[in-house]
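Written out below as structure tokens is the structure these notes cover.
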Amino acid sequence: MGRGATRVEERVAASQGLLESASIAFAAGQDIAGGGVLLAVPALLAMGLLAHQELFTLPAGYYGLTSIFLLLALMALARIPSLEKLRYQAPGEWGQLLGLDRIPEVRTLREKVKILCGEAGRAVEWNAALAKQWITEDQGAEPVFYADGHVRVYHGKQTALPKHYVSRQRLYQRAQTDYWINAMDGQPFCCINQPVDHGLVAALREDVVPWVIENLVVSAEHQRRMDADPGVPLATIVCDREGYSPELFEKMWEQRIAVITYHRYPKEDWPVEEFREEAVELAQGVTVEWKLAERTTELGRKKVRVREVRRLAEGDRQISIVSTHPGGEGRRLAALLLARWSQENYFRYMRQHFGLDALVEYGTEPMPDTVFTVNPVWRELNAKVRQMQAQWRRVKAMLGAAKLEKEISESAVQEFQMHQGQLQEQSDHVERELEALKVQRKAAPHHVLVKDLPKDHAFQRLRPERKHFLDTIKMISYRAETSMASIVREKLARTDDGRALLQQIFKTPADLIPDLREQTLTVRLHHLTQRAHDEVILHLCEELNATEAVFPGTGLKLIFKLGSA
């Protein structure tokens, strides 16, 4: 039964199929390591951790659905990056935190997760249901979504995935791309896995925009504004310059989806006199002074009319922003695009603290027959073309920079002319080879079906279901931590310390005091290292107690206290 197992009768009954799941029953305990993580339970429930359990089922056994979901979410907050790392945690003390005698062994937990992820597409359905809830709660005057790709490097040997450029490492590595849709403050809505990445433009057209239209819950107020003014968009999508495509912008606006991004090919600089100093309100209420100017411009061959807002940065450098959003001030567009960095911060934080890039399942599955990928022959020819172009540019630069450095004489001039002739001959030779390579590249198909790839270039996709399921758990945990961070920042002198303080709380021991007569479960957190932090915790406990949250599977109302407070 394992260490810490004390509820022998229930375990025997579960092994015989006579028990649906073990009852959650708390016992009094003192100095339980990591007990502070229970402070996150109200936030996890508010984020919908257990709101759509009808989508999942587990066979009769000791560990029920509620306990498994809570365990996975609390593991993420306690910075246990993978299921395998759970073997290094005290099973009995973690069991006390869940109202059990002990938590499942790693192999048991893996088996439970495997069952939960047994039906393909169920994790995507769960994520979509949660996203609708989050969009409704986070919706302001107008829905704004941030879309960007995150390259997840694969170091395994199960399959030879295509190589992607990993900007944070400045290397080409075998990887898959996940496209994320986030809110303005970085909080995630959903993740879309791409076994073969065709770029952000294709992801916007084929995945992101359809997802937004399908899952967006439009408020009554916003619907009235749309009915009254055809210029009010259904939603606005903010993306990096990789998503620049005037033709796509036009098609998106036909569905009343506005876009904000950087101008990929800005023309000549505007006169400095055109820029005006304006107060721009950024995220979290920060206000800065920027010099901005705005014009209406046309993009692409179809002359798509957009608004172009430019910011005059240091050194008179002009940053060009384009948008199909017809309303609002230019400074609002600039502020929305700058907030895109909150999504980059989300990726970095999730990699560091939640194991976003961790491989959670070994195994592959065949690629769909209709998926195209870059032709390896074309890729090889393209690499040769780029190498030859770089060589040709070097020779042309040497040819243009050459000068007669010796004293003028007949022999010196002849030597110089001979050297120039050799460089010119080399340049002509390289140029002929370059043109021949371009002809070969043009003749080779750019994309081919994955099923038609040569055997030495064939690959399969990594199994996505379990990864998506655990990523959704991590989204819930991140959102719960974010909501708690907003509370503790109200009392912190340094607001940037909010998440670090929560990490300390989650690792702090606590006492559990159940009172069956009063139907309460008191979580008494031990004092932290500083009195100032204790005052912040008192404020957090007051806010959490005001929610009157009940621990799932029991009728016990959670009460949070600090030490002897």
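Start at 1 with the first residue, then count along the sequence.
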Short question: side chain of Ser323, backbone of Val259 - any donor-acceptor pair under 3.5 Å? yes
With rounding to the nearest 0.5 angstrom, report the CD to OG distance, Glu543 to Ser486. 9.0 Å
Scan side-chain atoms only and decide if Thr6 and Arg102 contain a donor-acceptor pair under the 3.5 Å cut-off. no
Rounded to the nearest 0.5 Å, the CD1 atom of Ile24 sits from the CG atom of Leu70 at a distance of 7.0 Å
When you compare the side chain of Ile559 with that of Glu518, does any pair of heavy atoms fall below 4.5 Å? no
Are the side chains of Ser82 and Val360 in touch, meaning some heavy atoms are under 4.5 Å apart? no
Could you tell me whether Arg110 and Glu84 have a side-chain N and a carboxylate O separated by less than 4.0 Å? yes
So, do Gln187 and Trp134 sit near enough that their side-chain heavy atoms are less than 4.5 Å apart? no
Think Arg340 forms a cation-pi with Phe347, using NZ or CZ under 6.0 Å from the six-ring centre and within 45 degrees of its axis? no
Is a side-chain donor or acceptor of Asp534 paired with a backbone partner of His527 at a separation under 3.5 angstrom? no
For the residue pair Tyr179 and Asp197, establish whether any side-chain heavy-atom pair is separated by less than 4.5 Å. yes
Can any side-chain N or O of Ser477 pair as donor or acceptor with the backbone N or O of Ala73 at less than 3.5 Å? yes
Between Ile237 and Ala147, which heavy-atom pair has the shortest distance, and what is it? CG2-CB, 4.2 Å
Would you indicate whether the side-chain heavy atoms of Val151 and Thr177 approach each other to under 4.5 Å? yes
Would you sort out whether Leu556 and Asp515 count as a side chain to side chain contact (heavy atoms under 4.5 Å, CB included), showing the intermediate values? CA-CA 8 Å; Leu556 303 179; Asp515 188 336; over 6 Å; no
Assess the residue pair Leu562 and Leu540 against the criterion (side chain to side chain contact (heavy atoms under 4.5 Å, CB included)); give the C-alpha distance rounded to whole Å, side-chain angles, the decisive distance to 0.1 Å, and a yes or no. CA-CA 10 Å; Leu562 175 65; Leu540 177 62; over 6 Å; no
Under a 3.5 Å distance rule, please check whether Thr236 uses its side chain to pair with a backbone N or O of Ala258 as donor and acceptor. no
Between Ile80 and Trp94, the two heavy atoms sitting closest are CD1-CZ2, 3.7 Å
Nearest heavy-atom contact between Ala313 and Ile319 is CB-CD1, 4.1 Å
Is His222 reaching over with its side chain to a backbone N or O of Leu234, donor-acceptor style, under 3.5 angstrom? yes
Give the ring-plane orientation class for Tyr349 versus Phe354, where under 30° counts as parallel, over 60° as perpendicular and anything between as tilted. tilted
For residues Thr554 and Leu521, determine if any side-chain heavy atom of one lies less than 4.5 Å from a side-chain heavy atom of the other. no
d(Thr472 OG1, Lys467 NZ) to nearest 0.5 Å is 10.5 Å
Can you measure from CD1 (Ile115) to OG1 (Thr57) and round to the nearest 0.5 angstrom? 8.5 Å
Tell me the closest heavy-atom pair linking Glu365 and Pro464, and the distance in Å. OE2-CD, 3.5 Å
Pair Met75-Gln89, side chain to side chain contact (heavy atoms under 4.5 Å, CB included): steps then yes or no: CA-CA 10 Å; Met75 282 173 57; Gln89 305 296 319; over 6 Å; no
Do the side chains of Leu71 and Leu86 get nearer than 4.5 Å, heavy atoms only? yes
Taking Gly355's backbone N and O only, do any of them form a donor-acceptor pair with Lys474's side chain (distance below 3.5 Å, no angle check)? yes
Arg152 and Asp178 ion-paired at < 4.0 Å: yes
dist Ser483:OG -> Leu44:CG (nearest 0.5 Å) comes out at 8.5 Å
Please check this pair: side chain of Arg466 against backbone of Lys114, looking for a donor-acceptor N/O pair closer than 3.5 Å. no
Say you draw a straight line from CG of Asp497 to CG of Leu502; how long is it, rounded to the nearest 0.5 Å? 11.0 Å
For the pair Trp180 and Tyr346, evaluate ring-ring contact (aromatic ring centres under 6.0 Å, His included) and give the outcome as yes or no after the intermediate values. CA-CA 10 Å; Trp180 287 79; Tyr346 167 78; 5.4 Å; yes
Look at Glu481 together with Arg499 and state whether they make a salt bridge at an N to O cut-off of under 4.0 Å. yes
Between Trp126 and Phe56 (judged by ring centroids, cut-off 6.0 Å), do the two rings come close enough to count as a pair? yes
Has the side chain of Arg256 got a donor or acceptor atom that lies under 3.5 Å from a matching backbone atom of Val232? yes
Give the intermediate values and the outcome of side chain to side chain contact (heavy atoms under 4.5 Å, CB included) for residues Arg79 and Gln503. CA-CA 8 Å; Arg79 303 309 194 258; Gln503 293 172 35; 3.4 Å; yes
For Gln96 and Ala28, which heavy atoms make the closest approach, and how far apart are they? NE2-O, 4.4 Å
Can any side-chain N or O of Ser342 pair as donor or acceptor with the backbone N or O of Met184 at less than 3.5 Å? yes
Verify, without hydrogens or angle tests, whether Glu206 (side chain) and Ala203 (backbone) share a donor-acceptor contact under 3.5 angstrom. no
I'd like to check Leu58 versus Tyr63 (side-chain heavy atoms, cut-off strictly below 4.5 Å). Are they in contact? no
Using a distance-only test with no angle check, is there a side-chain donor-acceptor pair under 3.5 angstrom linking Asp357 and His150? yes
If we count only N and O atoms by modelled type, under 3.5 Å, do the side chains of His468 and Asn127 hold a donor and an acceptor together? yes
Heavy-atom closest pair, residues Leu544 and Phe560: CB-CD1, 3.7 Å
Run the salt-bridge test on Glu125 and Arg122 with the 4.0 Å N-O cut-off and return the result as yes or no. yes
